[in-house]
Amino acid sequence: MKIVETFDALQEALLRLKRPLGFVPTMGYLHEGHLSLVKRAKQDCESVVVSIFANPAQFAPDEDLDNYPRDIDRDLELLTGVGTNLVWIPSVINMYPEDFQTWINVEQVTKPLEGQVRNTHFQGVTTVVSKLFNAVRPDKSYFGQKDAQQAVVIKQMVRDLNYPIEIVICPIVREVDGLAMSSRNSYLNEEERQAALCLSQGLSKAEEAFHKGEKNAEKIREIVASVIDEEQLAELQYVSCAHPETLEELEGEIESCLLSMAVFIGRTRLIDNILLLQPKT
Ligand code: AMP
């Protein structure tokens, strides 16, 4: 596995890789969720490139960039274990030199949900992903359904800007008790780790109700909210029952939706989601 830092070293290393080329962008502190993307890329492609970059542009000043967990040695060990060909670890100053002044903005689908509570977040995400795509020029790139809105936003950007890249969205990887894997889970103490189960439990309860015939968007949101409400350490930031593609909030009877939420467990902000779809007849 080759490890590079500079843009020039990346270009040189890319020349030696066989195509099709799969690309997995990450912020590091890797877990099985990230590795599932790399494994899928390995299945589909001849070579796999992973980037590790905690992107300052997608963190607001009051968010957790400085404390964002890092363990590069462990990350590299894990990436070697799943057959990664090339790891790119760019520096902040190389990605955002002092005179940096170009931003990518996807308009509609960035507005609701995460965009409503983290208003510069997606501009940071699309700008960095665009830069990473331009540098790596992959054939396919892999993202997790864990960040459901990000997946929608990236697909929109790729369509709008004609990137010749296939975007593959992979399922959420969960711990055995249901908690969606996340680098941020490492912030949770034992008690909070237990409390964090309310996210997946809320989604499961709503999913069960949906499949038993509950099709009212407001009722579905209420089921999630009441599970979160019962957990003392949890504070619901939002719960949304939205159109899976446009992300517009749904009212009344629904056929399908992206049910998603953000919840503070103590000071740690966690997100989770599930797609509620009618079984095909
Ligand atoms: P991050 O390092 O948090 O930016 O995540 C990098 C990629 O891994 C993103 O496409 C995430 O959606 C994806 N990812 C993170 N957690 C999971 C998970 N539990 N299951 C599947 N994909 C995930």
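Both counts, for ligands and for their atoms, begin at 1 and track the order of listing. Reckoned from all heavy atoms, side chains included, excluding hydrogens, waters and symmetry mates. Everything numeric in this text was worked out from a predicted model, so none of it was measured. One-based numbering along the sequence shown.
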Ligand 1 atoms in contact with [X] (distance to a heavy atom under 4.0 Å):
X      : result
Phe143 : 10 (O)
Gln150 : 9 (C), 10 (O)
His31  : 15 (C), 16 (N), 17 (C)
Ile172 : 20 (N), 21 (C)
Pro171 : 20 (N), 21 (C)

Do the numbers put Lys215 on top of the ring of Phe210, so that NZ or CZ is under 6.0 Å from the six-membered ring centre and no more than 45° off the axis?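 Yes, Lys215 and Phe210 form such a contact.
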Would you mind checking which non-hydrogen protein atom is closest to [atom], with the distance to 0.1 Å?
atom                    : value
atom 4 (O) of ligand 1  : Met27 CG, 3.4 Å
atom 10 (O) of ligand 1 : Gly144 N, 2.9 Å
atom 11 (C) of ligand 1 : Asp147 OD2, 3.1 Å
atom 20 (N) of ligand 1 : Val173 N, 2.8 Å
atom 5 (O) of ligand 1  : His34 NE2, 3.4 Å

To check you understand the geometry: which heavy-atom pair defines the closest contact between Ala54 and Leu65, and what is its length?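 The pair with the smallest heavy-atom distance is O-CD1, 3.9 Å.
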Is there a nitrogen or oxygen of Met181 sitting under 3.5 Å from a nitrogen or oxygen of ligand 1?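 Right, the criterion is met.
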Would Ala180 count as a polar contact of ligand 1, with the cut-off being nitrogen or oxygen pairs under 3.5 Å?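 No: no nitrogen or oxygen of Ala180 is under 3.5 Å from one in ligand 1.
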Go through the side-chain N and O atoms of Asp64 and Tyr187 and say whether any donor and acceptor fall under 3.5 Å apart.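 Short answer, yes.
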Are Glu249 and Ser240 linked by a side-chain donor-acceptor pair shorter than 3.5 Å?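 Distance-only check passes for Glu249 and Ser240.
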Region of Pro25 that comes within reach of ligand 1 [heavy atoms, distance under 4.0 Å]: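 For Pro25, the contact with ligand 1 is made by the backbone alone.
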Could you give the distance from CZ (Arg184) to OG1 (Thr268), rounded to the nearest 0.5 Å?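 So the gap between those two atoms works out to 9.0 Å.
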Start with the C-alpha distance between Glu63 and Tyr68, add both sets of side-chain angles, then the distance that settles side chain to side chain donor-acceptor pair (under 3.5 Å), and finish with yes or no. CA-CA 9 Å; Glu63 290 178 349; Tyr68 197 78; over 6 Å; no
Determine the interplanar angle of the Tyr96 and Trp103 rings, folded into 0 to 90°, and report it as parallel if under 30°, tilted if 30 to 60°, perpendicular if over 60°.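 The rings of Tyr96 and Trp103 lie parallel, inter-plane angle below 30°.
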Using a strict 4.0 Å threshold on nitrogen-to-oxygen distance, state whether Arg221 and Glu218 make a salt bridge.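 Here Arg221 pairs with Glu218 in a salt bridge, since their nearest N and O are under 4.0 Å apart.
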Any carboxylate oxygen within less than 4.0 angstrom of a Lys/Arg side-chain nitrogen, looking at Lys2 and Glu12?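 Result for this pair is no, no salt bridge flagged.
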Is there a heavy atom in Ala151 that sits closer than 4.0 Å to ligand 1?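 Flag not set, Ala151 not near ligand 1.
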Using heavy-atom distances only, which candidate in Lys146, Gln145, Gln58 approaches atom 23 (C) of ligand 1 most closely?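 When every heavy atom of Lys146, Gln145, Gln58 is considered, Lys146 comes closest to atom 23 (C) of ligand 1.
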Just to be sure I'm reading this right: ignoring hydrogens, which of Leu37, Val125, Leu30 gets closest to atom 8 (O) of ligand 1? Compare them by their nearest heavy atoms.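 Looking at heavy atoms only, the winner is Leu37.
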So, does Thr127 use its side chain to make a donor-acceptor pair with the main chain of Gly124 at under 3.5 Å?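 A pair under 3.5 Å: no.
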